[in-house]
Number of protein chains: 2
Amino acid sequence: MILSKTCDYGLRAALYIATHEREHFVSIRRISEKLQISFHFLTKILQILTEKGIMISFRGPNGGVKLARKAEEITLLDIILAIDGPGLFTDCALGLEKCWEGHPCPLHQEWKQIRTDLKNIFQSKTLADLAFRIKSDTFRISDLAVTT
Amino acid sequence: MILSKTCDYGLRAALYIATHEREHFVSIRRISEKLQISFHFLTKILQILTEKGIMISFRGPNGGVKLARKAEEITLLDIILAIDGPGLFTDCALGLEKCWEGHPCPLHQEWKQIRTDLKNIFQSKTLADLAFRIKSDTFRISDLAVTT
DNA sequence: TATATTTAAGACAGTGTAGTCTTAATTTGG
DNA sequence: CCAAATTAAGACTACACTGTCTTAAATATA
Ligand code: SF4
Ligand code: SF4
């Protein structure tokens, strides 16, 4: 898996939130049910996103989490960096510790290109972009056929 | 990490072997020292490659492992599939279990392309290709500066 | 104020990957 | 045949990632 399971859950939750009103808090319980993710586990993941300033949380009745910025201003990369860190975009394909340019591993060129492509994709897609696709009902963020 | 550590070790060991004579067996002890990989762990990894028919092993003095086919005929993909399996080239970017084309996750297009690019790179590079780069002494397969 | 709702925090368990160690089997060479 | 070298096999340990559970803190509303 290219992203950790934790990160996949975080992305899917963020997309669920982005497909709903920005003004309301969405309860984690609800997200966990809709996306079929363990409630407690998801709580911890969203706490990370809250600490990192990507989400805002609120306790008590009608509480939950919501996006800290507009969905147009949050990229997938923001969430991936918050949860998995930058490793995917910096690590060596062969697991070498030090990547000296000028004396790199033999996959240098190809891998560097792939890493760049990957980063560009995640950086160029905002939550709003994907939320739009999801709302069109052609795309889904759960193994269930329908997610409301 | 895009490949498991086990797979990185397997690839690096295969590249080390490919940079040496095809006719001789190379001892696992030597590979582990040159590449700074735990001997016993590497033994198990190379056993996998032997089981899968990518390597041939031989016990006793002057024993070791060697490539079962010519280095020109073994691709990186062969080794990755043997160790990590096909998941990297088939799994969903968001971790969904089922990937219905026609109702996929919202990263469908982009991710499918990246997966294809990745597979093409690994499939188009043979051990011989990379061994050539390594022998030119510009590239390395260890954190050490020199690997003989 | 009391109760219900909801996130926060942290302890804890399960699982899989990574790594270590011991013993067995095979082969060579003296 | 015997000793040394080397892979095979499997038990075992260590650690990180995933997931569960319990208790605390904050908030709304009746
Ligand atoms: S250049 Fe080579 S050594 Fe450096 S990160 Fe890329 S693949 Fe790894
Ligand atoms: S199309 Fe979408 S759902 Fe299917 S594997 Fe690709 S990313 Fe995953």
Side-chain angles (χ1 to χ4, degrees), chain A residues 1-13 17 24-68 80 82-85 87-88 91 94-95 97, chain B residues 1-13 17 24-68 80 82-85 87-88 91 94-95 97:
Chain A
M1 248 184 319
I2 192 135
L3 301 175
S4 71
K5 219 163 176 180
T6 305
C7 192
D8 276 337
Y9 289 164
L11 280 171
R12 287 169 55 206
I17 295 167
H24 300 68
F25 289 99
V26 183
S27 85
I28 299 175
R29 172 72 63 187
R30 177 172 176 187
I31 303 171
S32 75
E33 284 166 1
K34 294 296 182 182
L35 301 185
Q36 312 242 283
I37 300 170
S38 150
F39 166 70
H40 288 102
F41 193 30
L42 185 56
T43 295
K44 290 207 296 195
I45 298 167
L46 291 175
Q47 274 171 27
I48 296 172
L49 295 181
T50 300
E51 283 165 17
K52 301 274 183 175
I54 294 173
M55 305 262 178
I56 293 172
S57 66
F58 200 76
R59 293 196 251 204
N62 304 315
V65 292
K66 67 179 182 183
L67 303 179
I80 292 169
I83 296 176
D84 276 353
L88 179 60
D91 287 350
L94 293 186
E97 287 296 329
Chain B
M1 249 185 319
I2 192 137
L3 301 174
S4 71
K5 217 162 178 182
T6 305
C7 192
D8 278 337
Y9 288 163
L11 280 170
R12 288 170 53 207
I17 295 167
H24 300 66
F25 288 98
V26 183
S27 85
I28 299 174
R29 172 73 62 186
R30 177 172 176 185
I31 304 171
S32 75
E33 283 166 1
K34 294 297 183 182
L35 301 185
Q36 311 241 280
I37 299 170
S38 149
F39 166 70
H40 287 102
F41 191 29
L42 184 57
T43 296
K44 290 206 298 194
I45 297 167
L46 291 174
Q47 274 171 28
I48 296 172
L49 295 181
T50 300
E51 283 165 16
K52 301 273 183 177
I54 293 173
M55 305 262 178
I56 293 173
S57 67
F58 200 76
R59 293 194 251 203
N62 305 315
V65 292
K66 66 178 183 184
L67 302 179
I80 292 169
I83 296 176
D84 276 354
L88 180 59
D91 286 350
L94 292 186
E97 288 294 329

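Since the model is a prediction, treat every value here as computed from it, not as a measurement.
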Would you kindly give the [atom1]-to-[atom2] distance between [X] and [N], to the nearest whole Å?
| X | N | atom1 | atom2 | answer |
| --- | --- | --- | --- | --- |
| B:Arg29 | C:dC21 | CZ | C1' | 12 Å |
| A:Ile45 | C:dA8 | CD1 | P | 13 Å |
| A:Arg12 | D:dT18 | CZ | P | 14 Å |
| A:Leu46 | C:dT6 | CG | C1' | 13 Å |
| B:Glu33 | D:dA5 | CD | C1' | 14 Å |
| A:Phe39 | C:dT5 | CZ | P | 13 Å |
| A:Arg30 | C:dT7 | CZ | C1' | 17 Å |
| A:His40 | D:dA24 | NE2 | P | 14 Å |

message: Under the rule for side-chain hydrogen bond (donor to acceptor under 3.5 Å, both in side chains), what residues qualify as partners of B:Ser27, not counting sequence neighbours?
response: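 side-chain hydrogen bond (donor to acceptor under 3.5 Å, both in side chains) check on B:Ser27 returns nothing, list empty.
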field: side-chain hydrogen bond (donor to acceptor under 3.5 Å, both in side chains) contacts in which one or both residues fall within residues 3-12 of chain B, not counting sequence neighbours
entry: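 Only B:Ser4-B:Asp84 qualify under side-chain hydrogen bond (donor to acceptor under 3.5 Å, both in side chains).
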How many angstroms lie between [atom1] in [X] and [atom2] in [Y], if you round to the nearest 0.5 Å?
| X | Y | atom1 | atom2 | value |
| --- | --- | --- | --- | --- |
| A:Glu97 | A:Asp91 | CD | CG | 8.5 Å |
| B:Ile31 | B:Ile17 | CD1 | CD1 | 4.0 Å |
| B:Ile2 | A:Leu88 | CD1 | CG | 6.0 Å |

Non-hydrogen atoms of B:Ala82 and B:Ile54 that approach each other most closely: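 The answer is CB-CD1, 3.8 Å.
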message: Tell me the closest heavy-atom pair linking A:Lys66 and A:His24, and the distance in Å.
response: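 Answer, listing the atom of A:Lys66 first, then A:His24: CB-O, 3.7 Å.
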- prompt: Of the residues in residues 47-62 of chain A, which ones touch DNA chain D at a heavy-atom distance under 4.0 Å?
  reply: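 Those residues are A:Phe58, A:Arg59, A:Gly60, A:Pro61.
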Table of protein N/O atoms under 3.5 Å from nucleotides 13-19 of chain C N/O atoms:
residue	atom	partner	partner atom	Å
C:dA18	OP1	B:Lys5	N	2.9
C:dA18	OP2	B:Thr6	OG1	2.5
C:dG19	OP1	B:Lys5	NZ	3.3
C:dG19	OP2	B:Tyr9	OH	3.4
C:dG19	O6	B:Lys44	NZ	3.3

field: Which residues share a ring-ring contact (aromatic ring centres under 6.0 Å, His included) with A:Phe58, sequence neighbours left out
entry: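 Only A:Phe25 meet the ring-ring contact (aromatic ring centres under 6.0 Å, His included) criterion with A:Phe58.
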Give every donor-acceptor pair under 3.5 Å between a side-chain atom in residues 38-49 of chain B and any protein atom, sequence neighbours left out.
residue	atom	partner	partner atom	Å
B:Ser38	OG	B:Phe41	N	3.2
B:Thr43	OG1	B:Phe39	O	2.9

